[in-house]
Student: 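Structure below; questions to follow.
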Amino acid sequence: MEMQDAHKRLRQARLNAGFKSASAAARAMGVNPITYTAHENGGRGINAEAAKHYAKHLGIDPVVLIFNSTDDTEGSEEQGLVQYKKTKEQNDLATDLQLDMPNEFLSQRFRIPEDSSRIIEVVGDYMYDPTDPSAVGSLLPGDCVVVDTSDTRPSPPGAFAVFDGAGVSLKMLEVIPNSEPKTLRITGRNPRYDCFERAMEAVEIIGRVKAKVSML
């Protein structure tokens with residue numbers, strides 16, 4: 001995934017959309033020209049919200065914009081990860097971060113094979129219960145999770161990063177016993193949101209959440 005070149009793809013998308021200048025595009029999209037210019041020249045990172053906004057106006061998939069991914073899997077109609085077809089609450093967005101962690105630390109502490117980790121920032125209230133935010137396993141907005149991309153088998157059940165064709169999100173996945181074809185029960189930790197089920201083969205699992213980093 002080539003997040004470091006997102007600003008180049010943004011500029012190309014702007015040109016493809018017929019905007020000759022960054023300021024003209026910013027005004028048309030209702031964005032502060034200074035903010036947009038910083039995104040386009042790489043001086044400021046493009047977060048999930050900005051990517052979705054730009055994608056809507058420039059006619060590009062937000063995942064292609066941020067990650068240069070061309071996966072064309074149909075997006076989920078349920079709460080989605082950086083998801084284009086989002087619910088109004090934007091409840092379970094997740095943002096990939098370009099951070100380096102020592103392979104030796106990851107392999108020894110979390111048993112994650114070399115070059116099989118992704119660091120994802122949690123956004124929204126989908127992965128914690130607002131009535132008990134300190135509960136074990138809660139993932140709060142601003143937390144970062146370490147995802148093991150070599151572990152995509154949802155047995156035992158747990159928290160996973162998934163890709164729904166529109167972006168990346170964090171979900172609780174569990175295989176429904178004796179289901180045929182194999183079916184997953186997909187939930188969050190917030191009781192406000194309903195669980196739903198999907199055929200296992202229809203869910204693109206990126207990896208299992210192995211650890212989180214929280215601010216003190």
Side-chain angles (χ1 to χ4, degrees), residues 1-101 115 117-127 139-147 149 161-171 204 206-207 213-215:
M1 300 280 183
E2 302 172 2
M3 286 183 64
Q4 64 269 29
D5 293 327
H7 66 288
K8 297 179 182 178
R9 291 188 290 275
L10 177 60
R11 181 179 184 278
Q12 189 59 54
R14 186 255 297 170
L15 293 173
N16 291 345
F19 294 104
K20 294 183 179 181
S21 69
S23 59
R27 287 192 295 270
M29 293 186 287
V31 178
N32 186 315
I34 295 176
T35 299
Y36 178 80
T37 300
H39 283 155
E40 190 175 290
N41 65 23
R44 181 174 178 178
I46 304 172
N47 62 26
E49 290 300 307
K52 290 194 297 138
H53 185 75
Y54 296 153
K56 178 180 178 180
H57 290 276
L58 299 178
I60 184 174
D61 188 308
V63 179
V64 173
L65 176 59
I66 296 182
F67 302 117
N68 198 26
S69 168
T70 56
D71 191 305
D72 58 0
T73 305
E74 182 179 356
S76 168
E77 294 179 357
E78 305 291 341
Q79 295 86 14
L81 230 289
V82 179
Q83 184 172 337
Y84 194 47
K85 297 180 180 178
K86 291 301 300 172
T87 60
K88 292 181 180 179
E89 286 80 11
Q90 307 294 323
N91 55 76
D92 65 342
L93 282 169
T95 304
D96 269 280
L97 302 176
Q98 292 294 98
L99 301 176
D100 292 325
M101 297 186 73
D115 299 324
S117 66
R118 283 175 67 174
I119 311 300
I120 295 176
E121 181 180 2
V122 180
V123 181
D125 63 355
Y126 192 70
M127 290 298 287
L139 300 177
L140 304 178
D143 286 349
C144 293
V145 295
V146 182
V147 176
T149 60
V162 301
F163 185 82
D164 63 6
V168 178
S169 62
L170 301 175
K171 306 287 191 187
E204 185 173 343
I206 294 173
V213 180
S214 301
M215 296 292 290

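The first residue of the sequence shown is numbered 1, and numbering continues consecutively from there.
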Student: Can you name the side chain to side chain donor-acceptor pair (under 3.5 Å) partners of Asn41, sequence neighbours left out?
Tutor: none
Student: When rounded to the nearest 0.5 angstrom, what is the spacing between OG1 in Thr35 and CE in Met29?
Tutor: 11.0 Å
Student: Of all the heavy-atom pairs spanning Ala51 and Ile46, show the shortest one and how long it is.
Tutor: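 It is N-CG2, 3.8 Å.
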Student: Closest heavy-atom contact between Ile119 and Cys144?
Tutor: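 Between these two residues, the closest heavy atoms are CG2-CB, 4.2 Å.
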Student: Using side-chain heavy atoms (C-beta onward) and a distance below 4.5 Å, is Leu10 in contact with Leu58?
Tutor: yes
Student: Give a yes or no on this: more than 12 heavy atoms of other residues, nucleotides or ligands lie within 6.0 Å of atom CD1 of Ile34.
Tutor: no
Student: Taking atom CZ of Arg11 and atom CG of Asn16, what is their separation to the nearest 0.5 Å?
Tutor: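 One gets 10.5 Å once the value is rounded to the nearest 0.5 Å.
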Student: If you define the side chain from C-beta out and look only at heavy atoms, does anything of Pro141 sit under 4.5 Å from Val123?
Tutor: no
Student: Any donor and acceptor pair, going by atom type alone, linking the side chain of Asp143 with main-chain N or O of Leu139 inside 3.5 Å?
Tutor: no
Student: Output the distance between atom CD1 (Ile206) and atom OG1 (Thr149), rounded to the nearest 0.5 Å.
Tutor: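 Going from CD1 on Ile206 over to OG1 on Thr149, the span is 9.0 Å.
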Student: Could you note down all residue pairs passing ring-ring contact (aromatic ring centres under 6.0 Å, His included) where residues 31-52 supplies at least one of them, sequence neighbours left out?
Tutor: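 Found Tyr36-Tyr54, His39-Tyr54.
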Student: Any salt bridge (charged side-chain N to carboxylate O under 4.0 Å, His left out) involving residues 28-45? Give me the pairs, sequence neighbours left out, ordered by first then second residue.
Tutor: Arg14-Glu40
Student: Taking the side chain as every heavy atom from C-beta outward, state whether Val145 and Glu121 have any pair of such atoms under 4.5 Å apart.
Tutor: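 In short, these two side chains do not touch, never coming nearer than 4.5 Å.
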Student: Using residues 19-26 as the side-chain source, report each donor-acceptor pair under 3.5 Å to any protein atom, sequence neighbours left out, with the distance given to one decimal.
Tutor:
{"unit_1": "Ser21", "atom_1": "OG", "unit_2": "Ser23", "atom_2": "OG", "d": "3.3"}
{"unit_1": "Ser21", "atom_1": "OG", "unit_2": "Ala24", "atom_2": "N", "d": "3.1"}

Student: Which heavy atom in His53 sits nearest to a heavy atom in His57, and how many Å separate them?
Tutor: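 The answer is O-CD2, 3.1 Å.
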